[in-house]
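Reviewing the structure listed below.
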Amino acid sequence: MKLFFVFCFLVILNPVAGKFLEIDSDDVVQELKKQKGGYLVRNAGGEEIFIAANRVTGRLSVKKAKMISDRFISQVGNPERHEAVMRGVRKMGMAAVPRLIQVAGDPKKKKKHERIGALSLLQFVWSFEGEEALFRLLEDRDVDVQEWAWRIAKKRLSEDGLRRLLKRLSKSERLDVAMEAKTRLLLHRPNLTQLKESLKDERWWDLVSQFSPRYYDGQVGMELLKILDKGSEQARRNALIALIYQFDQVEKGRRVALRCLKERSAELRGVAGEYLRWHGTFSELEPLKERLRVEKDVYVRAVVLEAVRAIKRRGEKWEGKLEVPLPTYEPFFRYGFREETDSDLMGVRKRLNGFRSYSGYNGARMGGVKKTGKWVAPVRGYFEVKRKSYGLYIEKGGGPFSGSVHVGDDAAWGKQHGAVVAIGDGVVRYVQVAAVSWGGLVVVEHDNGQEKFCSLYAHLGPLVTVQEGDRVRAGMMLGSLGRDFVFSSGGYYTHIHFGIHKGAYGHGRWSTGYLSKHRFDGGAHGWVDPIEFLRKRIAQ
């Protein structure tokens with residue numbers, strides 16, 4: 001009985017209960033308090049505003065809002081009713097939110113399709129009470145519900161609101177939820193404090209080490225050195241890649257790289273060679289040459305040989321000094337969703353030129369090489385994964401390349417700083433460094449006496465190893481893959497775009513990654529399936 005009287009007392013004091021106002025703009029807002037000449041209401045952004053009485057066209061009770069919302073939830077999956085449902089829920093506005101949240105968050109009483117339907121409608125309406133509901137939904141056991149909740153959080157929350165939500169979730173007792181939150185925090189919303197705290201905890205090494213190559217702050221370097229002592233192979237590889245960009249830890253990095261040259265893992269040996277390609281001195285020449293005498297792996301040999309060549313080119317008395325100011329963090333750049341200004345990109349290009357000068361890539365040419373007549377894959381593990389990338393049609397609405405067909409093969413996803421090699425003997429016909437969308441781009445023309453064709457390698461990092469006119473042989477390093485979502489490698493998640501085009505090298509729009517569906521289906525474009533083309537020649 002006492003609880004009943006308390007409940008009644010709270011209802012009397014709370015004029016919000018059950019009251020929504022429909023404004024003449026078709027927005028529905030929650031009433032806080034009736035005032036002379038109108039109402040004090042809270043808008044979708046959580047602000048309290050005054051609405052004049054003559055702008056109010058009606059009221060929507062909680063009971064009626066629930067009934068209408070349920071009808072919309074039941075109809076949202078019907079294609080014939082979809083447009084009408086969206087218009088209807090938008091007109092309801094904030095009045096629909098409480099019921100949508102209730103249905104979405106009730107796995108015991110509601111079926112999955114009802115929960116997903118409610119979440120899909122939350123895309124179109126929002127209220128200040130939604131943030132707390134999203135926190136619960138993002139910890140839901142159903143991965144589909146989680147995915148929809150992430151989609152809504154990204155679309156509906158402010159930058160501060162989303163960061164606040166991610167910080168809370170990163171401390172979740174559920175490891176999968178915390179990992180997802182940390183991933184989103186460190187990839188899209190850099191936070192040096194968050195990164196350093198995570199690097200101190202061994203549970204997070206595999207996850208956060210993959211984001212550390214975007215940071216230049218020296219405080220990160222000390223934690224990375226600890227990972228290299230006792231982390232997993234994946235974490236150690238990521239940590240050594242990140243040390244490439246810790247310019248105040250170069251001496252320690254060299255010692256670690258020399259140790260990693262002797263590791264059993266070919267990938268780790270390759271990254272060690274890559275580190276010394278950037279930072280190696282004459283002191284590291286003999287260990288690198290010793291590695292070449294015993295190394296059998298094509299990709300490790302390529303990067304170690306290039307490290308030797310780079311050190312010799314830099315000269316015995318050369319002392320690398322990077323004079324370009326570095327930011328704490330390499331800005332997030334996603335092609336097609338550009339966030340940087342032109343002045344930002346000018347700063348990035350200045351740093352890239354500084355990196356190339358610091359590492360000795362100042363225009364020296366590779367010179368003549370002997371032919372081998374062999375064929376190799378452009379990256380490690382090229383044939384190990386089943387995929388369908390060449391000839392893939394991008395549906396309309398699918399981003400900047402929607403409505404077109406992919407004419408290359410995307411491979412080596414996530415392999416930051418992985419070596420990229422020439423597939424066969426040839427002449428370098430085209431080179432770009434840090435090109436918009438492409439990143440590092442190399443085109444090699446091949447002539448085996450029976451046919452001419454070209455191989456295209458895109459999304460390389462800034463230290464491309466060749467110039468136009470250089471002769472290369474099969475397995476010779478052209479560069480390494482870039483980092484995730486940075487301008488220098490085109491603004492994508494790390495991968496190689498590899499293409500094969502029949503015939504001699506052509507200029508202009510020939511170097512492309514996509515064609516219109518009409519032109520692709522016509523078949524006269526010259527692009528072929530790289531996997532089948534290369535597999536056939538390697539087998540010969």
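None of the values given here were measured: they were computed from a predicted structure. The figures here come from the full heavy-atom set of this structure, side chains too, leaving out hydrogens, waters and symmetry mates.
E284 and T281 share a side-chain donor-acceptor pair at under 3.5 Å.
Within a 6.0 Å sphere centred on CD of E173, heavy atoms belonging to other residues, nucleotides or ligands number 12 at most. Under a cut-off of 6.0 angstrom, the local environment of CZ in R259 is crowded, with over 12 non-hydrogen atoms contributed by other residues, nucleotides or ligands. The neighbour count for K502 NZ, taken as heavy atoms of other residues, nucleotides or ligands under 6.0 Å away, does not exceed 12. Around NZ of K252, the count of heavy atoms belonging to other residues, nucleotides or ligands within 6.0 Å does not exceed 12.
Atom CZ of R237 and atom CD of E274 lie 9.5 Å apart (nearest 0.5 Å). Within the model, atoms OG of S357 and CG of L322 stand 8.5 Å from one another, a figure rounded to the nearest 0.5 Å. Of the inter-residue distances, the one linking S480 atom OG with L460 atom CG reads 6.5 Å to the nearest 0.5 angstrom.
Side chain of R537 to backbone of F533: a donor-acceptor contact under 3.5 angstrom is found. Side-chain N or O atoms of H459 include none that pairs as donor or acceptor with a backbone N or O of H495 at under 3.5 Å. Checking side-chain atoms of E468 against main-chain N and O of V431 turns up a donor-acceptor pair under 3.5 Å. Although no hydrogens or angles enter the test, the distance criterion places no donor-acceptor pair under 3.5 Å between the side chain of R429 and the main chain of C454. Side chain of S489 to backbone of G461: no donor-acceptor contact under 3.5 angstrom is found. With hydrogens and angles disregarded, a donor-acceptor distance shorter than 3.5 Å links the side chain of T183 to the backbone of M179. Judged by distance alone, the side chain of R214 and the main-chain N or O of F485 form a donor-acceptor pair under 3.5 Å.
Under 4.0 Å is where a charged nitrogen must lie from a carboxylate oxygen, and between E233 and R236 no such pair does. Between R293 and E290, at least one side-chain N (NZ, or NE/NH1/NH2) sits under 4.0 Å from a carboxylate O, which counts as a salt bridge. In summary, D297 and R380 engage in a salt bridge, as defined by a charged side-chain N under 4.0 Å from a carboxylate O.
Of the residues Y514, F401, W527, the one that meets the ring-ring contact (aromatic ring centres under 6.0 Å, His included) test with H406 is Y514. The only option from H279, E323, R314 that meets the side chain to side chain donor-acceptor pair (under 3.5 Å) definition with Y358 turns out to be H279.
Taking the ring centre of F355 as origin, the terminal cationic atom of R351 falls outside the region bounded by 6.0 Å and 45° from the ring axis. With Y382 as the aromatic partner, R387 meets the cation-pi criteria of under 6.0 angstrom to the ring centre and within 45 degrees of the ring axis. Figure legend: R313 and Y361 shown as a cation-pi pair, the cationic atom lying under 6.0 angstrom from the six-membered ring centre and within 45 degrees of its axis.
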Take E180 and R184 through the test salt bridge (charged side-chain N to carboxylate O under 4.0 Å, His left out) and record every step on the way to the result.
-> CA-CA 6 Å; E180 180 69 21; R184 291 174 186 264; 2.7 Å; yes
Applying side-chain contact (heavy atoms from CB on, under 4.5 Å), run through V379 and F498 and close with a yes or a no.
-> CA-CA 10 Å; V379 290; F498 174 63; over 6 Å; no
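With contacts defined as side-chain heavy-atom distances shorter than 4.5 Å, the pair Y215/L192 qualifies. Taking 4.5 Å as the limit, some side-chain heavy atom of S172 sits within range of a side-chain heavy atom of E139. Under the 4.5 Å side-chain criterion, counting only non-hydrogen atoms from C-beta, F333 is not in contact with V486. Within the 4.5 Å cutoff, the side chain of P378 has no heavy atoms near those of the L478 side chain.
Residues L261 and P287 share a closest heavy-atom pair of CD1-O, 4.5 Å.
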